[in-house]
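To start, the structure under review is shown below, and the notes come after it.
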Amino acid sequence: MLKTFVFKFGGASVKDAESIKNLSRILYNRLRNHTVIVVSAMGKTTNALEVILEKKLLGEDYSLNITNLMGFHLEICKDLFDTAHSIHYQIENHFIQLSRELQQDLNRDNFDQIYDEVIANGELLATRIIQEYLCTQNIFCLWQDARELIHSNSDYRFATVDWKITSQKIKKQLVPLLEKFPVVTQGFIAREKNGRTTTLGREGSDFSAAILAACLHARSVTIWKDVEGVLNADPKRFPNTVKFDELDYQEAAELTYYGASVIHPKTIKPLANLSIPLYVKSFLEPHKSGTIIHKVPYTNSIPCIVVKDEQVLVSFKVTDFSFIDEGHIHQVYANLKLLKLKVNMLQISAISISIVIDKQLFKLEKLIEILKEQFEIRYNESLQLLTVKNHNPEIIEELMKHREVFMEQVTRSTFQMVTKPLQ
């Protein structure tokens with residue numbers, strides 16, 4: 001197997017023309033033939049596509065949104081390419097195809113499937129622009145549709161990877177290309193057996209990089225972010241953050257499980273299984289060392305704070321004067337699995353089950369419809385879930401100031417609370 005390097009660039013690192021020029025400078029001194037470059041949608045493109053889908057679902061006019069999104073991509077191309085370059089026509093044609101995709105009927109039953117088809121356009125557009133630009137800078141590379149490599153089941157929006165087929169496809173199709181040139185491909189997207197596009201979960205491009213790295217037995221993965229590495233808290237929310245020079249795989253996996261946004265939750269496992277190091281570095285200061293995630297022989301004791309927004313607290317209360325037992329828990333969890341809803345926090349009392357989940361369109365309504373005959377159901381929306389790993393009394397006291405707390409839990413190493421966001 002080739003000694004391959006995998007680089008992943010997120011949306012913030014390709015948000016405008018200057019950012020793409022910076023990407024090319026980062027690659028210029030680091031690029032080898034055996035390199036895979038995984039790219040996310042540009043800037044806030046995914047959000048913009050989600051707004052278009054919501055407008056279509058509500059029967060509202062979204063034509064101006066499409067025009068503005070196409071203009072955003074064409075403006076970037078205008079700053080990167082000559083007017084005669086074919087990329088301008090490629091982008092226009094891509095948006096014509098997107099408009100055709102949006103002519104399909106859209107309802108809550110097929111929403112997830114069409115969501116994946118539409119949202120994938122962000123990554124496809126970004127990688128086409130970047131691959132073409134790198135070639136103009138004499139960084140010659142090939143474009144590869146990730147859907148031809150990464151295969152999944154048909155759980156739209158949260159697809160599960162078919163590792164056997166994916167590994168076969170990567171060895172057969174990607175390895176021969178890498179022997180000649182670096183390859184630019186998309187994060188986040190895959191394909192199910194009937195040929196339909198799937199996605200691997202929001203912010204899933206990190207996971208795509210890990211999938212490719214694992215199947216290639218890569219030497220390393222580097223994720224380029226707008227922060228200097230993995231920090232113990234979000235610097236936009238908390239002052240005086242601490243950067244980790246290194247983190248153990250298990251520690252990093254726990255932080256991502258609780259919602260740390262620096263890395264997608266599924267990224268760590270395939271890399272840890274093969275001892276592939278993961279570097280998190282700043283595209284703003286690429287010369288700095290960043291953070292390396294690998295096997296570390298000591299335990300981290302620095303408190304880490306993770307905040308998840310747009311959380312929903314749902315409580316299921318039994319109505320027949322019985323107590324909560326394993327059957328009730330199984331009933332709730334079976335339907336959460338059916339709806340592909342992950343529980344971020346769980347609390348059980350004598351007569352109720354309370355869970356915290358991410359807000360997802362239609363999912364809460366469907367859950368209530370299924371279980372309303374068995375339980376009295378109440379819920380609160382627009383909440384925050386705060387998790388402190390390696391907590392201490394001072395941090396907990398400070399975080400709880402001026403907050404309305406709906407639910408909290410404390411273990412030896414972890415403190416969690418559900419609260420309204422501070423105004």
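The figures here come from the full heavy-atom set of this structure, side chains too, leaving out hydrogens, waters and symmetry mates. Heads up: numbering here begins at 1 and tracks the sequence.
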What residues, two or more places apart in sequence or in another chain, satisfy side chain to side chain donor-acceptor pair (under 3.5 Å) together with [X]?
| X | value |
| --- | --- |
| Asp16 | Ser19 |
| Lys243 | Asp245 |
| Gln360 | Lys363 |

Rounded to the nearest 0.5 Å, how far apart are [atom1] of [X] and [atom2] of [Y]?
| X | Y | atom1 | atom2 | value |
| --- | --- | --- | --- | --- |
| Ile20 | Leu23 | CD1 | CG | 7.5 Å |
| Asn273 | Ile268 | CG | CD1 | 11.0 Å |
| Phe188 | Thr199 | CZ | OG1 | 4.0 Å |
| Leu53 | Leu102 | CG | CG | 6.5 Å |
| Asn107 | Leu57 | CG | CG | 8.0 Å |
| Met345 | Ile357 | CE | CD1 | 14.0 Å |

If you measure only the distance, is there a donor-acceptor pair under 3.5 Å linking the side chains of [X] and [Y]?
| X | Y | answer |
| --- | --- | --- |
| Ser349 | Ser352 | yes |
| Glu408 | Gln347 | no |
| Glu101 | Asn121 | yes |
| Thr127 | Gln186 | yes |

Q) Hey, what's the ring geometry for His264 with Phe207, parallel, tilted or perpendicular (30° and 60° as the breaks)? A)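 Judged by the thresholds at 30° and 60°, the geometry between His264 and Phe207 is parallel.
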Q | Aromatic plane relationship, Phe9 with Trp224 - under 30° parallel, 30 to 60° tilted, over 60° perpendicular | A |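 Trp224 and Phe9: parallel rings.
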Q. For residues 326-340, which residue pairs qualify under side chain to side chain donor-acceptor pair (under 3.5 Å), counting only residues two or more places apart or in two chains?
A.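 Applying side chain to side chain donor-acceptor pair (under 3.5 Å) to every pair that reaches into residues 326-340, excluding sequence neighbours, yields Asp325-His328.
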Q: If a pair satisfies side chain to side chain donor-acceptor pair (under 3.5 Å) and one of its residues is in residues 286-298, list it, with sequence neighbours excluded.
A: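 Checked against side chain to side chain donor-acceptor pair (under 3.5 Å) - neighbours excluded - the pairs reaching residues 286-298 are Glu246-His294, Glu246-Tyr298, Glu285-Lys288.
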Q) Looking at Phe72, does the NZ or CZ of Lys44 lie under 6.0 angstrom from its six-membered ring centre and within 45 degrees of the ring axis? A) no
Q: With Arg157 as the cation and Tyr115 as the aromatic partner, state whether NZ or CZ is under 6.0 Å from the six-membered ring centre and within 45° of the axis.
A: yes
Q.
Would the distance check show the side chain of Gln384 and the main-chain N or O of Thr419 forming a donor-acceptor pair, the cut-off being under 3.5 Å?
A. no
Q: Check whether any side-chain N or O of Thr185 sits under 3.5 Å from a backbone N or O of Gln144 as a donor-acceptor pair, and report yes or no.
A: yes
Q) Going through the checks in order, is the side chain to side chain contact (heavy atoms under 4.5 Å, CB included) test met by His151 and Val161? A) CA-CA 6 Å; His151 283 243; Val161 174; over 6 Å; no
side-chain contact (heavy atoms from CB on, under 4.5 Å) partner of [X], the single match among [options]:
| X | options | value |
| --- | --- | --- |
| Arg196 | Glu117, Arg147, Arg191 | Glu117 |
| Ile353 | Val314, Val318, Val332 | Val332 |
| Asn65 | Lys55, Lys56, Met70, Glu60 | Lys55 |

(Q) Between Glu251 and Lys389, is the salt bridge (charged side-chain N to carboxylate O under 4.0 Å, His left out) condition met? List the steps. (A) CA-CA 10 Å; Glu251 181 82 11; Lys389 193 169 183 303; 3.3 Å; yes
Q: Evaluate the side chain to side chain contact (heavy atoms under 4.5 Å, CB included) criterion for residues Leu385 and Thr387: first the C-alpha distance (whole Å), next the side-chain angles of each, then the deciding distance (0.1 Å), finally the verdict.
A: CA-CA 7 Å; Leu385 173 61; Thr387 303; 4.2 Å; yes
Q: Start with the C-alpha gap between Leu49 and Leu69, add the side-chain angles, then the distance that decides, and say whether side chain to side chain contact (heavy atoms under 4.5 Å, CB included) holds.
A: CA-CA 8 Å; Leu49 289 167; Leu69 189 57; 3.6 Å; yes
Q: For atom CZ of Arg108, decide whether the heavy atoms of other residues, nucleotides or ligands shown that lie under 6.0 angstrom number more than 12.
A: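 Enclosed: over 12 neighbouring heavy atoms sit under 6.0 Å from CZ of Arg108.
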Q | With Asn153 via side-chain contact (heavy atoms from CB on, under 4.5 Å) - residues at least two apart | A | Asp155, Ala159, Thr160
